[in-house]
Asks: 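What follows is a structure written as structure tokens; I'll ask about it next.
All values below come from the heavy atoms of this structure, side chains included, with hydrogens, waters and symmetry mates left out.
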Amino acid sequence: MSVAFEVSQPAGPIHVLERAVYRGPHVYGPIPMVRIRVDLGALEAWPSNTLEGFNAALLGALPGLAGHACSLRRAGGFVERLNQGTWFGHVVEHVAIELQARAGLGVSKGKTRSVKGRAGVYDILFEYAEEEVGLLAGRFALQLAHGLLPAKLRGLVGLELLSREPALEPFTADAAVERLRRLERRRGLGPTTGSIVAEAKRRGIPVMRLDEQSLVQLGWGRHQQRIRASITGRTSFVGVDTASNKDLTKTLLAQSGIPVPRGAVVRSADEAIKEARRLVGPVVVKPLDGNHGRGVTTNLVDDEGIRRAFVVAAAISPRVVVEQHFDGNDHRLLVVNGELVAVAERVPAHVMGDGKRTIAELIDEVNRDPRRGDGHEKMLTRIKVDALVKSLLAAHGLSLDDVPAAGQRVLLRNTANLSTGGTAVDRTDDIHPDNACIAVRAAMTLGLDIAGIDFMCPDISKSCREIGGGVVEVNAAPGFRMHLEPSEGRSRPVAPAVVRMLFPSGETGRIPIFAVTGTNGKSTTARMLAHILRQEGRSVGLTTTSGVYVNSELVMKADASGPRSARMVLRDPMVEAAVFEVARGGLLREGLAFDSCDVGAVTNIAPDHLGVKGVDTVQDLAWVKSVVVENVAPSGVSVLNADDVLVARMRRRAGGSPAFFSLRGGETMPAFLREHIERGGLAVVREASGAGGEIVVHQDGRRRPLMRAGEIPATLGGLAEFNVQNALAAAGMAIGGGASLQTVRLALATFGASYEQNPGRLNIFDGHGFRVIMDYAHNPAGLVALRDLLVKLRPTYRRQIGMVCVPGDRRDEDLRAMGEIAAHTFDEIVLREDPGRRGRAEGEIIALMAEGAQRAGAPAHRIHRVPDELAAAEACMSMARPGDLVVLTPTEVDEMWRHVLAFSATNRPEEIPPPEILRPGASKPEIPAIYAETPASWVRHA
């Protein structure tokens, strides 16, 4: 999870303020990036061309910076910017990129932006390949550039926010690069897994890493496949178990007519010697269930050698195989899905003498090859000098201190495994068809989808049935290193065969993704859409502010409108289509959970959360929300609110094909929408008529009525205009995603305002002699929309009693506006606190809302202050009498609904007289009957 940390009170010229890791498309771009916010302090007055010696020292430390194109888009562009004068943050961006590039991570993109309204504060953004490596690269980039500054400008605070890796002593560019390489080796994917992941990405198949090792999910939901190295979700456990038993493997292969060496399993050295004598000729001794060539000794001819080999093998497995030694070269044949895809001849670890250097020195020289690393981290493995190497040298009368003659080949291992320092020569084009057929049949005999066949023969280009040799072992989970980067010969891209097996015929493993964002209406629109998709018979994953759902089952209760919850749905193997409510917080924190969606929608943009995280205006908010539709796939649809100017403007940068929804159908339709319809574009509009109007779909030049708005239960007969609008958005998204009008009609006709179907959104309860409406109207725009409905309901009810609250992280003016709107909505106002208060002092939220209510003319004795949420609800319901309407705006929706159901009228204090209502402009309190008409001043917009 990406977390933004903050530090107050800068203590030095350069201060790291916060960091974030974007895993998906975000407000700054479509690729994963690290963002570091820094305050340059005094350094803001010192661009690079004013820092004597800085540019030369920087290029001396990292010469590769000379090739950076920067914004000039040509090699050397960054150097030109340095010489012209650029700021420290921009320098750090390029250093972070170059450090990662030198570490072999292949990143190249970045950008640096000044933070609006904060002089000297910059957001440094740069691409990363692995999160922790990217953050460490950012820390090292700051340290490196800072160390080149004049002493008077030095001072760096807050690096611990980026990485807690041990400090480098001394700090140099080379040491930083090496540390990044080491961290990448710990955190990155190995060659086999990495090659499959790269091929999946090339094919447009989504990739999700599931652990810190090599467990990776390819594809989403129901279409997902999983891999760990070359083990796939389809790999047979029986096949793997059989392959790990070398004796059983050999028996099964022999029964299928596949040439294998004769041999037996033994449990003692004496048994091993006895079996070797029976076989006649050289033998191989190896552990029954070993791997990577560990414990294997070949070409044994004497009893003492067999005895020593048994001890080595028995250290790995108590059961040891003694078998006939096949003369010839060691080959690895890779079979994927019944197809031979690569052949490599494996050469045991060795050195070639030059008549000058010792064997130890020659080994050191071989290990300096940059392709060699520890274990499986690189394409080749360093040769490790251990007891086996020394023993083999001694058997040939040599030691590490001997100097072999020029051209003399000194064998260091009996086995040819890459894991012990061996090398590989590609022989894919040389293999005889008989040998290829044998390898395929061996893999299929064991039931392995991916198998590495160890094959010994003198000449792979000739049939082993004629010249001798055959299969000596079958390996599940074979490594791809030797095929991807052989020491000699062509590289064989074997990963495509694996991906083709998992995703044949061009399949991408994707499920349809529907993403909806906006200020208000997101949850209801998402739930309506999920209901429509379920009507089609799909298994639907849904995320909303109330939780994660798979079909109708709540699988996690939480505010699930962020990327972590979306990833949970994408990992679920039941899900066939995903509907995501996308909130502003997750977009700013780490971006989207997906690279693109099939249908994206923006419901509206209204003032909310302003003044938080650099989002100060509704234009800023629109910029954040537009990320969803900007990342709609080219073949997808962006559904926009034509009645909201800020949303309608997003059509210029939205992905896919634009579609619109509007409450202003018919003659009041906006001109651009009319032109869109005339061009055959998709639009879902409400045309004026009774019962809330008629919903009409325009598509491909056709006008098709969908249904009357009043037929949707959630609209309360068409009176709840905000739910009419939500239904338009949901219908537009569903139709844009391929749903039929009949399906949409049937689904919307069964979507109500019940707590079970749409918790916290216009839920109605009539069990106490008065009506209770529970609705999550948590911002001024939401309360205005609710107020517009209550105005229409006013003649039906004696009084309207409302509980009002707003989260504490909103601006003061937003809190006052909530009070003012409440004053123009409710006869009795109960103000409560947000449970978390989000930085506000106790009582501050209520005080600001009360100030707004009084400013709007609400009498003080009609404003009740009850900080606790449930107590406030109790107060509202206790005031209510038959014919009243109580409106509750909860934070904890489920708990509030339970409280409503459990309320008992007997709890109502009898000594409280029926409240008096003071209408605006009235000279004295009065108890109204049913309002015949609502005074204009009472319903004006705040």
Asks: Is the shortest side-chain N to carboxylate O distance from D454 to R346 below 4.0 Å?
Replies: yes
Asks: Could you tell me whether the side chain of L218 reaches within less than 4.5 Å of the side chain of L502, counting heavy atoms only?
Replies: yes
Asks: Any side-chain donor paired with an acceptor under 3.5 Å for T232 and D449?
Replies: yes
Asks: Does a side-chain N-to-carboxylate-O contact under 4.0 Å join R368 and E365?
Replies: yes
Asks: Do T297 and R308 pair up side chain to side chain, a donor and an acceptor below 3.5 Å, judged on atom types alone?
Replies: no
Asks: Are the side chains of V498 and F480 in contact, using a 4.5 Å heavy-atom criterion?
Replies: yes
Asks: May I ask you to say whether R319 pairs ionically with D247, meaning some side-chain N is under 4.0 Å from a carboxylate O?
Replies: no
Asks: Looking only at side chains, do S461 and D459 share a donor and an acceptor under 3.5 Å apart?
Replies: yes
Asks: Closer than 4.0 angstrom, basic N to acidic O: yes or no for R427 and E345?
Replies: yes
Asks: Would you say R234 and M501 make side-chain contact, with heavy atoms under 4.5 Å?
Replies: yes
Asks: Under a plain distance cut-off of 3.5 Å, with no hydrogens placed, do D426 and T428 share a side-chain donor-acceptor pair?
Replies: yes
Asks: Taking the six-membered ring for Trp and the single ring otherwise, decide whether the centroids of F455 and F326 are under 6.0 Å apart.
Replies: no
Asks: Charged N to carboxylate O below 4.0 Å: is that the case for E271 and R307?
Replies: no
Asks: Classify the side-chain pair Q224/R226 by whether it contains a donor and acceptor separated by less than 3.5 Å.
Replies: yes
Asks: Using the side-chain contact (heavy atoms from CB on, under 4.5 Å) rule, pick out the option among V343, I438, V471 that qualifies with I453.
Replies: V471
Asks: Within a strict 4.5 Å, meaning less than it, do heavy atoms of the L340 and L334 side chains meet?
Replies: no
Asks: Got a salt bridge between E323 and R262, using NZ or NE/NH1/NH2 to carboxylate O under 4.0 Å?
Replies: no
Asks: Can you find a pair of side-chain heavy atoms, one from R332 and one from H483, that are under 4.5 Å apart?
Replies: yes
Asks: Less than 4.0 angstrom from a charged side-chain N to a carboxylate O is my criterion; do R186 and E165 meet it?
Replies: yes
Asks: Could you measure the distance from the CG atom of L99 to the CG atom of L180? Nearest 0.5 Å is fine.
Replies: 6.0 Å
Asks: Check D386 with R413, please: is the shortest side-chain N to carboxylate O separation under 4.0 Å?
Replies: yes
Asks: Can you find a pair of side-chain heavy atoms, one from R571 and one from L210, that are under 4.5 Å apart?
Replies: yes
Asks: Does this structure show an ion pair linking D572 with R222, if we count only N-O contacts that are shorter than 4.0 Å?
Replies: no
